[in-house]
Amino acid sequence: MKFKFDRHTRRKLLSHTVAVLSGLTVIAVLYPLVSIVYEAVIRGGGVLFQWTFLTAKPPNACDVVSCSTVGIGPAIQGSLLVVAIASLIAVPVGLMAAILASEYRTRGFGRAVSFTADVLTGVPSIIMGAFVWGYFVLYDPSIAESVIAGGIALSAIMTPIVARTTEEALRTVPNAMREAAIALGISKWKMTLRIVLIAALPGIATGVLLAVMRAMGEAAPLLLTLGYTTNYNHSLLQPAAALPVLIYTFAESNYSNQQEVAWGATLFLLMFILAANILSRYMIHRLSQRMSGGA
Amino acid sequence: MYTATKLKVEGLTAYYNNKPAISDISLEFPERQVTAIIGPSGCGKSTLIRCLNRLHETAPHTRVEGRVLLDDEDIYALDPVRVRRRIGMVFQKANPFVTMSIYDNVSAALRFNGRHSREETDQVVVRSLQHAALWDEVKDRVDAPAVSLSGGQQQRLCIARALAADPEVLLMDEPCSALDPIATAKIEELIGRLKKDYTLIIVTHNMQQAARVADLTAFLYIGKLIEFGPTEELFERPKEKLTESYITGRFG
């Protein structure tokens with residue numbers, strides 16, 4: 001026997017099938033995110049909400065039940081330091097590269113810059129780390145593992161991201177705006193810095209944030225360049241801890257207290273990135289609203 | 001009715017990608033008069049006007065030959081940035097600086113091109129907005145974003161912004177093509193008043209508009225200047241067959 005649906009039933013059936021399939025893919029996409037957050041909360045929530053966790057030093061290996069889990073203070077300090085240094089390098093360099101690529105494109109150099117940024121974005125981060133480390137070893141091995149070296153390695157990852165997103169943001173600024181400025185007899189560099197760059201600011205802020213988030217979570221380039229320590233850092237020429245490196249180190253540990261700290265650090269990193277994301281989205285929203293007349 | 005020549009074009013040819021968009025154009029724009037440039041789409045009207053403040057050359061793959069004399073000085077031998085402070089421009093689509101307030105838009109030329117006291121800037125802003133017939137509509141909200149204005153107001157804001165730079169010549173590239181009839185009438189009225197102080201050159205695809213506002217009219221066709229003369233003569237007794245066909249609506 002052969003079923004024959006009329007056109008209406010067939011259309012409805014197809015529509016339902018597509019809806020169900022779409023729903024399933026949503027679940028497939030959400031599952032990893034939800035399970036990561038769930039695991040991190042269950043396993044790391046307990047330690048994270050002890051108020052000393054954010055300031056205390058990480059624990060030594062300890063398998064006695066009574067030994068306490070302590071904190072991730074040095075890793076927070078190290079992460080902030082190393083990302084700050086990376087940003088200090090990556091943001092100006094990336095911005096200038098993007099301006100060259102977008103606003104001075106007629107000169108072949110501009111095109112070369114955006115091509116280079118594209119290629120650099122695809123270079124594995126461990127290679128960036130190895131390269132910077134190698135360079136420092138040749139230069140001065142005593143600072144090959146230091147906040148400076150780590151910052152430079154992370155900046156190599158951030159710079160192309162900042163450059164590429166800024167270039168895109170600059171390109172969304174209508175050419176009519178540039179012509180308006182040129183026709184008023186405003187010099188090119190003033191136009192670029194004070195009109196075009198300002199108009200592209202929401203897009204640039206997104207790009208910088210994206211780069212900072214990426215750098216916050218990178219472990220590979222820091223393994224070689226930042227080193228690892230359980231103490232607070234006192235000099236930019238000394239090694240420091242960083243959250244991803246701490247997670248990497250303690251996740252491999254056989255001791256439950258260190259594993260717990262790794263989970264706590266994971267939850268902290270997740271929450272930090274989430275909070276920074278929400279805050280910056282709000283700021284970018286406000287910024288672009290002000291520019292489009294509060295509509 | 002002729003006054004001294006303010007701007008003189010000699011053998012001007014402008015290229016896009018090595019193809020001439022206008023070729024060998026020569027004409028003279030008299031001081032404190034309105035000259036209209038008319039012609040069908042793609043005839044090179046905009047290219048011509050963009051050569052008069054050296055804007056054409058800012059686009060990639062462009063080239064200009066010939067001379068443009070501003071008070072007997074070739075602008076192609078001068079610093080383009082300085083030339084543009086003497087020859088202002090208003091564009092087809094209003095292009096206020098979207099990140100700035102009404103006040104900041106009008107004062108842009110002053111703020112970016114030199115040091116001026118706050119009082120001086122205030123005065124120029126008020127005078128320019130009055131000149132552009134926008135002051136009465138915005139005097140209570142000069143700090144509001146420029147984009148909060150209507151399309152017609154934005155175009156008058158762009159005129160005020162150009163006037164604030166204190167130019168001698170004002171170029172207008174189809175300034176009313178994106179506006180409704182009422183806003184258009186306001187701009188045309190404004191053009192009539194501005195010619196007391198400025199030399200005006202207006203590109204338009206609207207022949208009635210040229211007839212209404214211009215003292216002189218130039219007719220361009222496929223990159224060539226076909227006819228140039230007093231507006232009345234050109235519309236009522238055209239010398240060239242092409243001009244006659246165009247103004248009687250047989251093409252274009």
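Chain letters run A, B, ... following the sequence lines, proteins first, then strands; residues in each count from 1.
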| Considering heavy atoms only, which positions within residues 165-181 of chain A lie below 4.5 Å of chain B? | A:Ala176, A:Met177, A:Glu179, A:Ala180, A:Ala181

| request: For B:His205, enumerate each residue passing the ring pair (Phe, Tyr, Trp, His ring centres under 6.0 Å) test, keeping only those at least two apart in sequence or located in another chain. | output: none

| message | Counting only heavy atoms from other residues, nucleotides and ligands, does the tally under 6.0 Å from CD1 of B:Ile182 exceed 12? | response | no

| task | Verify the neighbour count for atom CZ of B:Arg63: are there more than 12 heavy atoms of other residues, nucleotides or ligands below 6.0 Å? | result | yes

| field | B:Lys93, NZ atom: more than 12 neighbouring heavy atoms under 6.0 Å | value | no

| message | Within a 6.0 Å radius of atom OH on B:Tyr15, are there more than 12 heavy atoms belonging to other residues, nucleotides or ligands? | response | yes

| query | Contact part of B:Ile87 toward chain A, heavy-atom cut-off under 4.5 Å: side chain, backbone, both or neither? | reply | backbone

| task | Check the surroundings of atom CZ in B:Arg141: do more than 12 heavy atoms from other residues, nucleotides or ligands lie under 6.0 Å from it? | result | yes

| Is it the backbone or the side chain of B:Phe112 that comes under 4.5 Å from a heavy atom of chain A, or both, or neither? | both

| request: Name all residues meeting the salt bridge (Lys or Arg N to Asp or Glu O under 4.0 Å) criterion together with B:Arg115; count only those two or more places apart in sequence or in a different chain, and write none if there are none. | output: none

| task | Sort B:Arg86 into side chain, backbone, both or neither according to what part of it lies under 4.5 angstrom from a heavy atom of chain A. | result | neither

| field | Portion of B:Pro167 that has a non-hydrogen atom of chain A nearer than 4.5 angstrom | value | neither

| request: Please name the pair of heavy atoms, one in B:Asn53 and one in A:Ala183, separated by the smallest distance, quoted to 0.1 Å. | output: ND2-CB, 4.1 Å

| task | Check whether more than 12 heavy atoms from other residues, nucleotides or ligands sit under 6.0 Å from atom OH of A:Tyr135, and answer yes or no. | result | no

| query | Quick one: which residues of residues 189-197 of chain A reach chain B at under 4.5 angstrom, heavy atoms only? | reply | A:Lys190, A:Arg194, A:Ile195

| request: Measure the spacing between OG1 of B:Thr99 and CD1 of A:Ile198 and express it to the nearest 0.5 Å. | output: 7.0 Å

| message | Restricting to non-hydrogen atoms, name the atom on A:Leu184 and the atom on B:Ala108 that form the minimum distance, rounded to 0.1 Å. | response | CD1-CB, 4.1 Å

